[in-house]
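Contents: one structure, followed by commentary.
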Amino acid sequence: MAQPVRFPYTPAGTTEARLMPRLPLTLNYEQRSIEIVGLLDTGAAVNVLPYSAGVALGAEWDQQATVISLTGTVGSVEARALVVWAALSHLRFQHPVRLVFAWTRSDETPILLGQTTFFMEFDVCFFRSQAAFEIRPKDG
């Protein structure tokens with residue numbers, strides 16, 4: 001079993017109350033890759049990726065046939081399924097994992113790492129009082 005790796009919460013504003021659990025990772029799609037920082041969001045049903053990030057990966061909107069219905073504050077935004085490989089290069093134990101994102105037709109949406117599929121691939125433990133979280137790949 002891999003040992004978890006600890007990360008600090010990072011600022012999303014000027015006060016400690018605005019510290020957030022954000023994780024840097026590399027996304028790969030076909031022959032391209034990009035570096036992103038996603039917000040770990042246990043309340044998000046799916047991973048969310050803004051339009052410009054998908055374009056930077058070389059994805060073509062019209063070739064993504066699976067439409068995803070979003071809810072909440074992004075409920076009115078059109079989204080399509082985009083399957084990518086994600087790597088956490090700074091984690092010694094990490095091999096790329098397949099993640100499905102709701103690729104939105106907007107750059108106003110944040111990068112979210114949600115229940116499907118991020119939290120299905122990784123175990124995460126939050127230590128908010130310590131402004132830190134730990135992550136490790138699922139067993140097996």
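- When atom types are taken as modelled, the side chain of R80 and the backbone of Q64 share a donor-acceptor pair closer than 3.5 angstrom.
- At least one side-chain heavy atom of L19 sits less than 4.5 Å from a side-chain heavy atom of P11.
- One distance of note links CD of E78 with CZ of R105; it measures 6.0 Å at 0.5 Å rounding.
- No single ILVMFWY cluster, assembled from side-chain heavy atoms under 4.5 Å apart, contains both V37 and F101.
- Note on V55 and L99: same hydrophobic cluster, where clusters join Ile, Leu, Val, Met, Phe, Trp and Tyr whose side-chain heavy atoms are under 4.5 Å apart, directly or indirectly.
- Rounded to the nearest 0.5 angstrom, R136 CZ and R6 CZ are separated by 14.0 Å.
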Derivation of the side-chain contact (heavy atoms from CB on, under 4.5 Å) call for L27 and L57: CA-CA 8 Å; L27 299 182; L57 283 166; 4.2 Å; yes
Steps toward side-chain contact (heavy atoms from CB on, under 4.5 Å) verdict (L88, L23): CA-CA 9 Å; L88 288 77; L23 182 68; 3.4 Å; yes
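- In this structure, F133 and F126 have tilted ring planes: the angle between them lies in the 30° to 60° band.
- Proximity of R22 to Y9: side-chain heavy atoms (C-beta onward) are nowhere separated by under 4.5 Å.
- Listed for the T104 side chain is a donor-acceptor partner under 3.5 Å among the backbone atoms of L49.
- The cluster map of Ile, Leu, Val, Met, Phe, Trp and Tyr, joined by side-chain heavy atoms under 4.5 Å apart, puts L25 and W85 in different clusters.
- Two residues are said to be in side-chain contact when any heavy atoms from C-beta on lie closer than 4.5 Å; Q130 and R128 fail this criterion.
- When side chains are defined from C-beta on, Y29 does not count as touching V83, because their heavy atoms never get closer than 4.5 Å.
- Each of T117, V97, L113 was evaluated against F122; a single residue qualifies, V97, per the side-chain contact (heavy atoms from CB on, under 4.5 Å) test.
- Rounding to the nearest 0.5 Å places NZ of K138 at 7.5 Å from CE of M120.
- Taking hydrophobic clusters as Ile, Leu, Val, Met, Phe, Trp and Tyr residues chained together by side-chain heavy-atom distances below 4.5 Å, V100 does not share a cluster with L40.
- Comment: E30 does not engage R32 in a salt bridge, judged by the lack of any side-chain N to carboxylate O separation of less than 4.0 angstrom.
- Here T73 contributes atom OG1 and L70 contributes atom CG; the two are 9.5 Å apart, rounded to the nearest 0.5 Å.
- Judged as a ring-ring contact (aromatic ring centres under 6.0 Å, His included), the pairs with a partner in residues 32-81 (not counting sequence neighbours) are, in order, Y51-W61, Y51-W103, W61-W103.
- Proximity of T116 to N47: side-chain heavy atoms (C-beta onward) are nowhere separated by under 4.5 Å.
- Annotation: side chain of P96 is not in contact with side chain of N28 (no heavy-atom distance under 4.5 Å).
- Both I36 and F119 are members of a single hydrophobic cluster when ILVMFWY side chains are connected at heavy-atom separations under 4.5 Å.
- You'll find the side chain of L39 stays beyond 4.5 Å of the side chain of P110, heavy atoms only.
- By the 4.5 Å heavy-atom criterion applied to side chains, F7 and V124 are not counted as neighbours.
- Between the CG atom of D41 and the CD atom of Q115 there is a distance of 8.5 Å, given to the nearest 0.5 Å.
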